[in-house]
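These numbers were taken from a predicted model, which means no experiment stands behind them.
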Amino acid sequence: MDRSANLDTEELKMTREQYILATQQNSLPRTEHPQFYPVGIYGWRKRCLYFFVLLLLVTMIVNLAMTIWILKVMNFTVDSPLVLQSDRNVTVNARNHMGQLTGQLTVGADAVEAQCKRFEVRASDSGKILFSADEDEIVIGADRLKVTGTEGAVFGHSVETPHIRAEPSQDLKLESPTRSLVMEAPRGVQVNAAAGDLKATCRKELHLQSTEGEIFLDADTIRLGNLPVGSFSSSSSFSSSSSPSSSAPRQTIYELCACPNGKLYLSPAGAGSTCQSSSNICLWS
């Protein structure tokens, strides 16, 4: 019993001594140097990173230079208008949500073409339609339509307008070189020259016709030029000539005669009427 008690006491002492020794070893300052582990990118990785950063910087500089060059060439400025230039033509297309072409504007060297259902030109201040065109009609909404060409305006078909007027100090001329000129209105056509002459000229025949009324000529002097003149003789025969016959006595007064078909001619005035419906002038007409 005593021996086992002594063994236990010795083991307890040894355990205490080991605990104290271990505690002392842990409390003693460590003399060895600590190990440091480097943090970061080194070697070929670092060189590759620097290369990519430099490449990105060069790309940014080239991109900025190209952008400035494009803005300079295309004249993209804040205060100036946008200018589109091309060696051939400039085409602007408009499409719907299905990608179908609905409108096209082409500016070329010879012409400007627009393909659309309706083309409109509006005033910038009031928004009034100045010009519009579609398949059915062309509308000009300006207060005045001014044609400055030397040949005037040429219309292939009928024209409907309430007023035609020339510029001040300019002549107004209505002409049909190869066909007839017809002016119609349900309540009449008025041709007025307030400060000048009114002339109607044609190559063949000029017809003044009134189906229900009369043709009224109101003037201080009415002159009918280039009428044929008949010569007077004792036998009361007439012949057509441009002037009185040289054999007959010169006449200064003539009588205006009318044939049954309406043709007018001059006849030398006499004591009585010298107009005869059976004269050669009436027969030749």
Inset, instruction - Determine, using the 4.5 Å side-chain heavy-atom cutoff (strictly less than), whether L145 and F131 are members of one ILVMFWY cluster. - result: yes
Legend entry - Spatial distance of atom CG (L266) from atom CG (L256) [nearest 0.5 Å]: 6.5 Å
Legend entry - Pairwise side-chain contact, K128 with D143, heavy-atom cut-off 4.5 Å (strictly under): yes
Legend entry - Approximate separation, where rounding is to 0.5 Å, of T106 OG1 and Q115 CD: 6.5 Å
Legend entry - pair L105-V90: side-chain heavy atoms closer than 4.5 Å: no
Inset, instruction - Search all heavy atoms of E255 against all heavy atoms of T274 and return the closest pair with its distance. - result: OE1-N, 3.1 Å
Legend entry - Within one Ile-Leu-Val-Met-Phe-Trp-Tyr cluster: L57 and Y50, side-chain cutoff 4.5 Å: no
Legend entry - Heavy-atom pair of closest approach, residues P228 and K263: CG-CE, 4.3 Å
Inset, instruction - Flag yes if V107 and F119 sit in one hydrophobic cluster, no otherwise; membership is Ile, Leu, Val, Met, Phe, Trp, Tyr, and two members link when side-chain heavy atoms are under 4.5 Å apart. - result: no
Legend entry - Joint hydrophobic cluster, L56 plus V58, side-chain heavy atoms closer than 4.5 Å: no
Inset, instruction - Return the minimal non-hydrogen interatomic distance between I222 and A219, and the atom names on each side. - result: CG1-CB, 4.3 Å
Inset, instruction - Please identify each residue that fulfils salt bridge (charged side-chain N to carboxylate O under 4.0 Å, His left out) with K46, with sequence neighbours left out. - result: none
Inset, instruction - First locate atom CG of L55, then atom SG of C48, and finally report the distance between them rounded to the nearest 0.5 Å. - result: 12.0 Å
Legend entry - Distance (rounded to the nearest 0.5 Å) between L101 CG and C116 SG: 10.5 Å
Legend entry - I70 reachable from V73 in the ILVMFWY side-chain graph, under 4.5 Å edges: yes
